[in-house]
Amino acid sequence: MKSEQQYIDLFTANRSLIDRGGAEIMNACREKALADFARQGFPSQKVERYKYTDVNAAFAPDYGVNLSRLEFAVNPYEAFRCDVPNLSTSLYFVVNDTFWEKSLPTATLPEGVAVCSLRQAAEAFPAQVAECYARLARTEKDSINALNTMLVQDGLFVYVPKGVAVERTIQIVNLLRADVDLMVNRRVLVVLEDGAQARLLFCDHAMDDRDFLTTQVVEVFAGENSNLELYELEETHVKNRRFSNMYVDLQRGSAVSLYNFTLHNGLTRNRTDVTLSGEGAEVGLYGGVIADKEQRVDNNTLIDHRAGHCTSRQLYKYVMDGRSVGAFAGRVLVRHGAQHTVSEERNANLCATSEARMYAQPMLEIYADDVKCSHGSTVGQLNEQALFYMQQRGISREEAQMLLKFAFAGEVIDAIVLEALRDRLRHLVEKRFRGELSRCSGCGLCK
Amino acid sequence: MLEIKDLHACINGKEILKGINLTVNAGEIHALMGQNGAGKSTLSNVLVGNPAYEVTHGSVTFNGKDLLAMKPEERAHEGLFLSFQQPVEIPGVSMVNFMRAAVNAKRKYKGLEPMGAGDFLKMMREKRKIVELDSKLANRSVNEGFSGGEKKRNEIFQMAMLEPTLSILDETDSGLDVDALRIVAEGFNKLRTPETSALVITHYQRLLDYLKPDVVHVLMDGRIVKTGGPDLAVEIEKRGFDWIKAEAEAD
């Protein structure tokens, strides 16, 4: 118990303050979360799923936590211009853990659809929130979940009722904003009822030159025959530490595509656990990572095939430069009885310098006998012959390297369904490789 | 245009070129023949600056400049082009982007503005016709999934785009059927001007029938052992290299 104690003390000393800022259902889960957190402590790097990220070190510093829910001076519309050309979205902001209430484009959402503060949703949609909150993100086995559940006060709620299709992309910009080093605990609940359709785009930015530590727990419920595309795009800075745990449950016939791009960051640890609960469900996980300097990115996935006739596809590509460290561990579990499962897992990584490190660990566990599964991983360097070929045509070595990296990353960008976003991401990735995205493109600091 | 003096070069510590002397003037086509392992490809690689090869002695001047002091891309900008014996496949990089990067890099070197997208695509279309390259190929990744013949045609297409003053054709005829060979050779001839020169490395007379070299050299064990007119190539086709070897050893 080293870095854990300060969080236990913080919780114990401020329990009533935390409760005052949270919803009743959140408060009801705190005691158990505390017990689970105290029992487990932060995982050491001997714990398999945390092998490549030093959690203790990330949580050791003393961050401020905005438990009294002071409002930070910010005008997100002023600060943020993540314009994706040709893509008009219903745009919302979450500042730290707080849903930005001041301008709500509710008119653009179909009737019954909600995009709002989770705390308020607990009152406006008590049944849905009560049924879903902390159901997938269990605190017994993951201390990040436990810590988040202990301290969380707000976040985001997205709800699409039965049979409703939201045509327009719902864009949520998560802004980190603080005048002191800050810890943020954010909770996101996404509920798609049977036959619902939506596309969510999360963009993470850090506005201030401060140390940030974020724990984020996302729970996604995809009802029968629902369809969800969920994009996450991180463009923060080197002082940001992100711990995001996402849990997705797919019911019969539903289709979910998850995209996660880490374009610029400090330390990022994304855990994505997908459960295919109903027959014929389909999930796709697509991850793109570009890292340099001392950046660290760790993607850890689990796809649990519980029902038969489901399909899962994973493609993660990393371009590692400088002295960055990347990790990908993807476990596919095909349970007994999950016949006719189709699962593909592919992870390809490029280490552009001899100092960059990549740890790749594709895993496949099969307990059914009539399935089609593949998994594989590669780590390689830039092709010297190709570089020389391009140089002979007059392309400088630097430009040739850029073209090769871009080509490598291109495969996962091409997996994006939404054309405008695909184009935008190509542009951002190219800028990133040219070194023009040294902090982040959307925040106030770099304009 | 190109002046090679007493050039020695090695790869992995093994000396391959053992004193090459060669002068190519503007407008001339030189054929370079010789058995496998004679050093033909090494010479072409050294000229374009492949970092795998080390020059240990000698000098190369190109249009009065010290070629060996230049980076590979600068040599290209100065007008040197190599049609690779084995063109490299570059998955994910489209021919269009590749060529645009190459053409604009050269323009930048010459102090010109980048070419506009419209003009560039028009240029691509025109130059493609020279080697009858399918428009679909131009939209694909560089050399990826191209047949042997398509790759070689693609090399000449790139040559057409970049308009070099000295082209090195490294066994451009290898692996080509008669029709592809004709297309490639005729494409090359269309690009010739009184100012452009070429160094053509080949084992066979066939390509030279089209290209009509001014001078033919025979390379043996890292040295040029015989130089003659176009007749020399015809004679080699008939008699092989052994008689030249015997002559060289007698000297």
Side-chain angles (χ1 to χ4, degrees), chain A residues 261 286 288-290 315-319 346-350 352 354 376 378-416 422-423 425-427 429-436, chain B residues 44-53 70-110 140-144 151 154-155 157-164 167-168 170:
Chain A
F261 291 91
Y286 305 93
V289 173
I290 299 166
L315 175 65
Y316 278 81
K317 295 195 101 170
Y318 287 57
V319 181
R346 197 153 66 82
N347 164 234
N349 312 292
L350 187 62
S354 54
T378 57
V379 182
Q381 287 84 44
L382 291 171
N383 181 344
E384 280 298 330
Q385 283 183 320
L387 286 175
F388 179 68
Y389 186 74
M390 289 196 267
Q391 279 180 281
Q392 205 302 302
R393 298 304 185 241
I395 301 169
S396 72
R397 192 170 169 87
E398 295 70 32
E399 182 76 9
Q401 286 172 333
M402 210 282 297
L403 284 170
L404 286 187
K405 289 182 205 169
F406 191 69
F408 183 81
E411 187 188 5
V412 70
I413 300 173
D414 288 344
I416 296 175
R422 200 164 57 222
D423 292 345
L425 208 62
R426 274 204 198 101
H427 172 72
V429 166
E430 191 178 336
K431 267 176 81 174
R432 173 69 167 99
F433 282 134
R434 290 189 189 284
E436 292 163 17
Chain B
S44 63
N45 273 293
V46 165
L47 290 176
V48 295
N50 188 331
Y53 297 83
M70 292 181 217
K71 291 180 188 170
E73 56 266 36
E74 290 167 346
R75 300 180 196 203
H77 297 151
E78 287 291 335
L80 193 59
F81 181 91
L82 171 65
S83 168
F84 282 67
Q85 193 177 342
Q86 285 163 330
V88 184
E89 296 191 10
I90 314 177
V93 177
S94 71
M95 273 307 295
V96 177
N97 284 343
F98 173 59
M99 276 290 97
R100 194 177 7 236
V103 167
N104 283 335
K106 182 167 183 176
R107 289 180 67 90
K108 192 179 173 189
Y109 184 80
K110 301 278 177 202
R140 293 230 302 263
S141 292
V142 178
N143 291 323
E144 194 185 29
K151 281 181 184 169
N154 193 21
E155 293 291 288
F157 162 67
Q158 292 174 44
M159 185 181 144
M161 290 293 289
L162 295 168
E163 299 173 344
S167 304
I168 304 169
D170 190 355

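In this text, all values refer to a predicted model and were calculated from it rather than measured experimentally. Within every chain, numbering begins at 1; the chains are lettered A, B, ... in the order of the sequence lines, protein sequences first and strands thereafter.
Within a 6.0 Å radius of CD in B:Gln86, no more than 12 heavy atoms belonging to other residues, nucleotides or ligands are found.
Closest approach of A:Ala407 and B:Pro91 over heavy atoms only: CB-O, 3.5 Å. B:Val93 and A:Leu403 get closest at one heavy-atom pair: CG2-O, 3.7 Å. The minimum heavy-atom distance linking A:Met390 with B:Ile90 is given by the pair CG-CD1, 3.8 Å. Taking each heavy atom of A:Arg393 and B:Ala102 in turn, the nearest pair found is O-CB, 3.3 Å. Summarising the geometry of A:Ser396 relative to B:Glu73, their closest heavy-atom pair is CA-OE2, 3.5 Å, with the distance given to 0.1 Å.
For a residue to count as touching a neighbouring chain, one of its non-hydrogen atoms must lie under 4.5 Å from one of that chain's; by this rule B:Val142 touches chain A with the side chain only.
Atom CD1 of A:Ile395 and atom CE of B:Met99 lie 6.5 Å apart (nearest 0.5 Å). The CD1 atom of B:Ile168 lies 7.5 Å from the CD atom of A:Gln392; values are rounded to the nearest 0.5 Å.
Ranked by heavy-atom pairs under 4.5 Å with chain A, the first of B:Lys106, B:Gln158, B:Met159 is B:Gln158.
A:Gln385 places no side-chain N or O within 3.5 Å of a backbone atom of B:Val88 that could act as its donor or acceptor partner.
A:Tyr389 is listed as a side-chain neighbour of B:Asn143, based on a closest heavy-atom distance under 4.5 Å.
Ring planes of A:Phe388 and B:Phe84: perpendicular class, angle over 60° (limits at 30 and 60°).
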